[in-house]
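Working notes, structure below.
In what follows, chains are A, B, ... by sequence order, proteins preceding strands, each numbered from 1.
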Amino acid sequence: MSNGWRLEFCAAYIVPPCKGVADAALGTMVKGSSVPIASIPSEFFEPLFSYSYDEYPMGVAFVSDGQQQSVIRTSIRAVAFGSMTEREDNVRFLAHNLARATDHRSPTGLFVILTGSRMSVSRVVLWKFPADEILHAEMTSRGLHITVVSDAFSRKSMYFKAAAFEGPRTRTSFWKGRVEDLQARYTAREASAFWVNSFLQAQSVLSAPHGTRLLTNALREALDEADSSNERELVMSAAVIIKSRAGQSTTITGLAHELLPTSVYAKLSAELGDALLRTPFNLDPEVLQRTLRFRSLSLDNGCLIRGPLETFKQVVEVEPIDEGRVRVLVEGAVESERVTNR
Amino acid sequence: MNKEKELLVQYTQRYPSLVQAAALIKKLLEQLLKDTDRIDMISARAKDPTRFMEKAARIDPQTNAARYTDPLSEIQDQVGSRVVVFYTDDVEPVRKKILDEFRHVEDRKQEDPDPRRFGYDSHHFVCLIPPDIRKKTNTPIDFIEIQVSTLFQHAWAEANHDLDYKPEDVLDYDTMKEIAFSAAQAWGADRLFSKLWKASKD
């Protein structure tokens, strides 16, 4: 196969939305089987399987029980490394779990899991395709048979969810993976919560405090390194807007396109890579409050002084004169002076 | 090249990136715990190659086989960090901040389950290395270990570590009693100082 991957195991299940359905009923509602590698539409699946792991936009990590265990991770590892029976049992478990996580807002889907290896690395890719739109699946006496419905296959024109996990066969591998939700991707939303949180029992690799810290550290550095007062003003305005969005989900890429100077984004991209900048996180109110602190002083005569809190304390001196009036001393070199109409 | 030598070469190659990652983890923890009271020390280190090789060679006493089949990916404390707090009650606020910030796979209190025995106590975390630090240092590791302990737990652990007991060493009864006794004293001192601290606040 292309890129040196050797496909090893495939299984597929037709998964209707079963949220709230009794577990006993899942066996009759969720139908599927393992599928011989030779019978899958290879021209469809091979490019999808060998698609570069780093290109999946969102890094996720399984939620642990605190003792290095995660039920879903254990199942995915069993599909990658187990015997045929273990693989089939665990795919069924995953399909049932996906059905349990899916409510009636999502249509019936085709859940496909494909494993392969390249040298010492194993890869497992899971997809949920909208049933009968791209792929048609039919249960026969010999198992599930899959055919491609859409001739005009284009990866980007299709809506599906995917998750990829890869690593060596060690007890510590497969804690992290990457996911894609093409339906969400092109509507600028993060991957569906049901796919990541409910089905995979995973979360973004960036915690809210850590993602926010990355962002605020970048803003503070940008302020320190700004070449002009205009750029500094832009960064400070961005900081104020970002603070007002506390609690919202975001990505550094999204904010950069909207608010940050190009130079700040270029620096972050070089340092952290685009994949991480596209990873969603929630803006943490506490970190925003603690790390993006500005102080301003406005006088009754219309004069305004504003700056980062730490700098403000060091360079601004307020000296009381008489009857509530003050004299303000500010120390620094004048970089620019403007006259505006406002 | 034999397996051991090959492992040492591979670990030595990654060691500089581990040193860099340790420095960034320390910086992150300092930032994270900047406003937290009664932190005595924050440190981080990359595991020394000699110590790594010693650990990689360990035998599992239950199976009598090598404990690690792939030490480079299975040994999770190649970068380790320690936060030392004053009193036992100071552990929880630090624990909470670590769990909020890092994606963790392990979070457990390390203490002897037998209440009649005393030994090394601390709070132990295995966390995924933050993706930005992994990227900046180009380090191949996935995990870091963070330990949170009190001053007395730390002092006992350091002294005990300095004595360099190895698991295969057979310690005599008196020595084992003395080690347990010193651990019990550290445990008692922690209890007393926590009580005194609380009393001073009332």
If one checks every heavy atom of B/Phe143 against chain A at 4.5 Å, the contacting part turns out to be side chain
Taking 4.0 angstrom as the limit, do B/Glu158 and B/Arg82 come out as a salt bridge? yes
Most chain A-contacting option - heavy-atom pairs closer than 4.5 Å, from B/Asp70, B/Val126, B/Asp107: B/Asp107
Any carboxylate oxygen within less than 4.0 angstrom of a Lys/Arg side-chain nitrogen, looking at B/Asp121 and B/Lys109? no
Most contact-rich option vs chain A, by heavy-atom pairs under 4.5 angstrom, among B/Val105, B/Leu32, B/Ile133, is B/Val105
For chain A, the option from B/Lys136, B/Arg103, B/Arg134 that forms the most heavy-atom pairs under 4.5 Å: B/Arg103
Go through the atoms of A/Asp284 and report whether side chain, backbone, both or neither lie under 4.5 Å from a heavy atom of chain B. neither
Salt bridge or not between A/Arg6 and A/Glu8? Use side-chain N to carboxylate O under 4.0 Å. yes
Take the angle between the ring planes of A/Trp175 and A/Phe62 and call it parallel below 30°, perpendicular above 60°, tilted in between. perpendicular
Tell me, please, which residues at least two apart from B/Phe118 pass ring-ring contact (aromatic ring centres under 6.0 Å, His included). B/Trp187
In terms of side-chain heavy atoms, does B/Gln78 have a donor or acceptor partner in B/Arg14 at a distance below 3.5 Å? yes
Between B/Glu92 and B/Arg95, does any side-chain N to carboxylate O distance fall below 4.0 Å? yes
Residue B/Ser73 versus chain A: region with a heavy atom under 4.5 Å: both
For B/Leu28, which atoms come within 4.5 Å of any heavy atom of chain A: side chain, backbone, both, or neither? side chain
For atom CG of B/Asn138, is the number of surrounding heavy atoms from other residues, nucleotides or ligands below 6.0 Å larger than 12? no
Ranked by heavy-atom pairs below 4.5 Å to chain B, first place among A/Gln69, A/Arg213, A/Arg290 goes to A/Arg213
How about B/Ser182 and B/Trp156: does a side-chain donor come under 3.5 Å of a side-chain acceptor? yes
Centroid-centroid distance, B/His154 to B/Phe152, less than 6.0 Å: no
Residues of residues 266-274 of chain A within contact distance of chain B, non-hydrogen under 4.5 Å: A/Glu271, A/Leu272, A/Gly273
